[in-house]
Novice: 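Structure provided below as structure tokens; questions to follow.
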Protein chains: 2
Amino acid sequence: MNPFDATRVSGQVGPSALDVCEKCGSRVTGICRPLDVAALDDVASESEQTSLPARATLFREGDPATRAFSIMNGTVKLTRLLPDGRQQVVGFRFAGDIIGYTTAKTYPFDAELLTPSQFCRIDRPKLDKLLRTYPTLERRLLDLCLEELAQTQEHVVTVGRRTAESRVAAFILGLVEAQRRRGPLPKEIAMPMTRADIADFLGLTLETVSRTLTGFRKRNLIAEPAHQRMQILSMAGIMQLAEGEGD
Amino acid sequence: MNPFDATRVSGQVGPSALDVCEKCGSRVTGICRPLDVAALDDVASESEQTSLPARATLFREGDPATRAFSIMNGTVKLTRLLPDGRQQVVGFRFAGDIIGYTTAKTYPFDAELLTPSQFCRIDRPKLDKLLRTYPTLERRLLDLCLEELAQTQEHVVTVGRRTAESRVAAFILGLVEAQRRRGPLPKEIAMPMTRADIADFLGLTLETVSRTLTGFRKRNLIAEPAHQRMQILSMAGIMQLAEGEGD
DNA sequence: CGTGGGATTGACACGACTCAACCCCGGTGG
DNA sequence: CCACCGGGGTTGAGTCGTGTCAATCCCACG
């Protein structure tokens, strides 16, 4: 399980060139995957594209949940606030993921861009109409939600029961997995989040994350050839730390 | 938000006497809530009642997910295993909650009874047929899933960023909230889980949970008049510990 | 060249874990 | 009837992993 995104659904195969929607150019890995051309057309006409710079927020925790977003490219950080002002990152989202769909009146978390991003935006009333028109769409949403739930539970395990080293290793594996699901795995993977973001995701401090990552580097498990880029040198080593060292 | 169960849905009001299904006697707080009488009838005829003693397991992580369960009464513990054999409790479920519905081929966690329980059981093929027949049922499932997701994210925050004292306080509030949602809040609430269960839920050790609870008792925040029963003496105090003391 | 955000590193403190002893109570069997 | 047993709970002493605080480095950017 991977706490990073909501794209993978049971039985779903990896993306292929055919999955690209000619309407909006986004890979059809998100909600639209099960739709036929007519339905895609319909969805496309109801939604609109936007793009925003890094650090922009799509919405904040508590805002009225008036629309949902489908990420076309870029990375988004989802956070919840604590009463004392600190934050917990509840997940990262990438191209193809859906953000902000909820039956509640308000969003349950902040959504902030880590990179400049493009996405499709659709108003809730329109989306609800589409859901009624295309039952497979609702089915799809349920699938995504169930998958996301399983991932979040997995993340609870990570945060609740693992050492700092094991958490960071699990985080790296999650990053790799998210990347892999979106296409062939490059030697160098993007890591647009800061140490602080990772720490807030894993329930650690940024210092501990930094120390752990330098530890990994010194043991030649990973390399960081450039800012926000990472190379996995020993996948086996990372996996061992993530799983075996749960203790 | 409450990490305990999946019953609450946005806009839903508290249960009333009218919510009891005359077919199976269970309160219609679970999946059946939005159904009309005919549909309820249909659902009832497709499912069957069972009861099991405490410590029985409904299913285990990795078992083929062949059926779903609706709890009529009793308490269920959901756990995930770690490679090293320890467990993380991902949630507790009570009367009215749905367990085991997933689109994956296998269950993502163990479900073990903490108390003797009765429940309705329905085979996946039958349930899927019902979902196709009654779109509101699927809608309802999506609602429940979204709600559960929000609760689980909230739990990530609890486990990831709070002190032992704050976690235990949050746990108590969750218990209370789960109870309240099922009827008028009794002075004494049931707490069928052991210190070890609570610890595995909160990412602590059972000793820490024990120490924290005795601390609460000595400060007259709570009382434990009998084994597995708890009385809240100072709700305000508990809430302050849960929220303010996030640090 | 100066500035600021991100990252690293070190010294130290402390909260939670570990290990272990002990209590309490209900069940069981001699 | 009571001794024994086992599971759950409590309590204590000591350790250790992270958090805290603070200094420093690096580099992109203006």
Side-chain angles (χ1 to χ4, degrees), chain A residues 53-55 77 82 84-89 112 114-116 158-169 171 190-219 222-230 241 245-247, chain B residues 53-55 77 82 84-86 88-89 112 114-115 158-169 171 190-219 222-230 241 245-247:
Chain A
R55 285 156 201 271
K77 175 177 76 168
L82 285 142
D84 64 5
R86 290 175 312 158
Q87 65 173 16
Q88 171 77 39
V89 174
E112 182 186 327
L114 292 182
T115 64
T158 298
V159 166
R161 302 263 83 155
R162 299 212 228 251
T163 63
E165 210 167 57
S166 176
R167 291 185 213 187
V168 175
F171 166 77
M191 190 174 67
M193 51 292 281
T194 67
R195 307 302 195 215
D197 291 333
I198 301 170
D200 284 337
F201 181 59
L202 296 175
L204 298 169
T205 59
L206 70 91
E207 291 93 333
T208 299
V209 171
S210 179
R211 276 186 253 269
T212 306
L213 284 175
T214 54
F216 286 0
R217 257 183 277 121
K218 288 189 175 154
R219 281 184 273 167
I222 61 167
E224 292 185 290
H227 189 54
Q228 301 191 332
R229 322 234 87 226
M230 174 178 291
L241 285 177
E245 289 278 28
D247 193 358
Chain B
R55 285 156 201 271
K77 175 178 76 170
L82 286 141
D84 62 6
R86 289 174 313 158
Q88 171 77 39
V89 175
E112 182 186 329
L114 292 182
T115 65
T158 298
V159 166
R161 300 265 85 153
R162 300 213 226 252
T163 62
E165 209 165 58
S166 176
R167 291 186 214 188
V168 175
F171 166 76
M191 191 174 69
M193 49 292 280
T194 67
R195 308 303 197 214
D197 291 333
I198 301 171
D200 284 338
F201 181 59
L202 297 176
L204 299 169
T205 60
L206 68 91
E207 292 94 331
T208 300
V209 171
S210 179
R211 275 187 253 270
T212 307
L213 283 176
T214 55
F216 286 0
R217 258 184 276 121
K218 287 188 176 155
R219 282 185 272 167
I222 61 166
E224 293 184 290
H227 188 54
Q228 299 191 332
R229 322 233 87 226
M230 175 178 289
L241 284 176
E245 288 277 26
D247 195 0

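Heavy atoms only: backbone and side chains are in, while hydrogens, waters and symmetry mates are out. Labels below follow one simple rule: chain letters A, B, ... track the order of the sequence lines, proteins then strands, and each chain is numbered from 1. None of the values given here were measured: they were computed from a predicted structure.
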Novice: Are any protein N/O atoms closer than 3.5 Å to N/O atoms in nucleotides 19-27 of chain C? If there are, list each pair with its distance.
Specialist:
unit_1	atom_1	unit_2	atom_2	d
C:dC19	N4	B:E207	OE2	3.1

Novice: Do A:M193 and A:F171 have side chains that approach each other closer than 4.5 Å (heavy atoms only, starting at C-beta)?
Specialist: yes
Novice: Rounded to the Å, how far apart are A:E224 CD and D:dC27 P?
Specialist: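 Distance, rounded to whole Å: 13 Å.
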Novice: Who pairs with A:Q87 by side-chain hydrogen bond (donor to acceptor under 3.5 Å, both in side chains), at least two apart in sequence or on another chain?
Specialist: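 Partners of A:Q87 under the side-chain hydrogen bond (donor to acceptor under 3.5 Å, both in side chains) test: A:D200.
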Novice: Check side-chain contact (heavy atoms from CB on, under 4.5 Å) between A:S210 and all other residues, then give those that pass, not counting sequence neighbours.
Specialist: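 Checked A:S210 against side-chain contact (heavy atoms from CB on, under 4.5 Å); zero matches.
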Novice: Starting from the first five and the last five pairs of the helix from C:dC1-D:dG30 to C:dG30-D:dC1, work out the angle between the resulting helix axes, to 10 degrees.
Specialist: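 Helix axis angle between the two ends: 20°.
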Novice: Out of C:dT8, C:dG6, D:dT10, which nucleotide sits closest to the side chain of B:R217?
Specialist: D:dT10
Novice: Can you see whether A:S166 engages A:T163 through a side-chain donor-acceptor pair at a distance of less than 3.5 angstrom?
Specialist: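 No.
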Novice: In whole angstrom, give the distance that lies between atom CZ of A:R195 and atom C1' of D:dC25.
Specialist: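 Checked: the CZ to C1' distance equals 14 Å.
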Novice: Tell me every residue that passes side-chain contact (heavy atoms from CB on, under 4.5 Å) with B:A196, counting only those two or more places apart in sequence or in another chain.
Specialist: B:T194, B:L206
Novice: For B:I198 and D:dT10, give me the distance from atom CD1 to atom C1', rounded to whole Å.
Specialist: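 Result: 14 Å.
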Novice: Can you name the one residue among B:K218, B:R195, B:R229 that meets salt bridge (Lys or Arg N to Asp or Glu O under 4.0 Å) with B:E224?
Specialist: B:R195
Novice: Restricting both atoms to N or O, compile the protein contacts to nucleotides 12-16 of chain C shorter than 3.5 Å, with distance only.
Specialist:
unit_1	atom_1	unit_2	atom_2	d
C:dA16	OP1	B:A164	N	2.7

Novice: Would you mind telling me which of C:dA7, D:dT11, D:dG8 lies closest to the side-chain atoms of B:K218?
Specialist: D:dT11
Novice: Tell me the interatomic distance from A:R229, atom CZ, to D:dA28, atom C1', rounded to whole angstroms.
Specialist: 17 Å
Novice: Rounded to whole Å, how long is the line connecting atom CZ of B:F216 with atom P of D:dG9?
Specialist: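 Going from CZ in B:F216 over to P in D:dG9 covers 16 Å.
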Novice: Looking only at heavy atoms, which two atoms of B:D197 and B:V89 are closest? And how far apart?
Specialist: O-CG2, 3.7 Å
Novice: Measure from CD on A:Q228 to C1' on C:dG6 and round the result to the nearest Å.
Specialist: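 Whole-Å distance recorded here is 9 Å.
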Novice: Who passes side-chain hydrogen bond (donor to acceptor under 3.5 Å, both in side chains) against B:Q228, sequence neighbours left out?
Specialist: none
Novice: May I have the distance from A:R161 (atom CZ) to C:dT18 (atom C1'), rounded to whole angstrom?
Specialist: 13 Å
Novice: Whole angstrom is fine here: how far is it from CE in A:M193 over to C1' in C:dG5?
Specialist: 18 Å
Novice: List in chain and number order the residues that pass salt bridge (charged side-chain N to carboxylate O under 4.0 Å, His left out) with A:R211, two or more places apart in sequence or in another chain; answer none if no residue qualifies.
Specialist: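 If we apply the salt bridge (charged side-chain N to carboxylate O under 4.0 Å, His left out) test to A:R211, skipping adjacent residues, there are no hits.
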Novice: For A:R55, check salt bridge (charged side-chain N to carboxylate O under 4.0 Å, His left out) against everything at least two apart and list the hits.
Specialist: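 Result, salt bridge (charged side-chain N to carboxylate O under 4.0 Å, His left out) vs A:R55: none returned.
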Novice: Over all strands shown, is B:S210 touching base, sugar-phosphate only, or nothing at heavy-atom distances under 4.0 angstrom?
Specialist: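 Result for B:S210 = base.
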Novice: According to a strict under-4.0 Å criterion, is B:T214 in side-chain N/O contact with OP1 or OP2 of D:dG9?
Specialist: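 Answer no for this pair, as no side-chain N or O of B:T214 is under 4.0 Å from OP1 or OP2.
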Novice: Closest to the B:L206 side chain: D:dT10, D:dG9, C:dT9?
Specialist: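 Nearest to the side-chain atoms of B:L206, counting from C-beta on, is D:dT10.
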Novice: Say you draw a straight line from OG1 of B:T208 to CZ of B:R167; how long is it, rounded to the nearest 0.5 Å?
Specialist: 9.5 Å
Novice: So what does B:T194 touch, heavy atoms closer than 4.0 Å: a base, only the sugar-phosphate, or nothing?
Specialist: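 Sugar-phosphate, backbone atoms only, no base.
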Novice: Can you name the residues that form a side-chain contact (heavy atoms from CB on, under 4.5 Å) with A:T115, not counting sequence neighbours?
Specialist: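 A:T115 satisfies side-chain contact (heavy atoms from CB on, under 4.5 Å) with A:T75, A:S117, A:P192 once adjacent residues are dropped.
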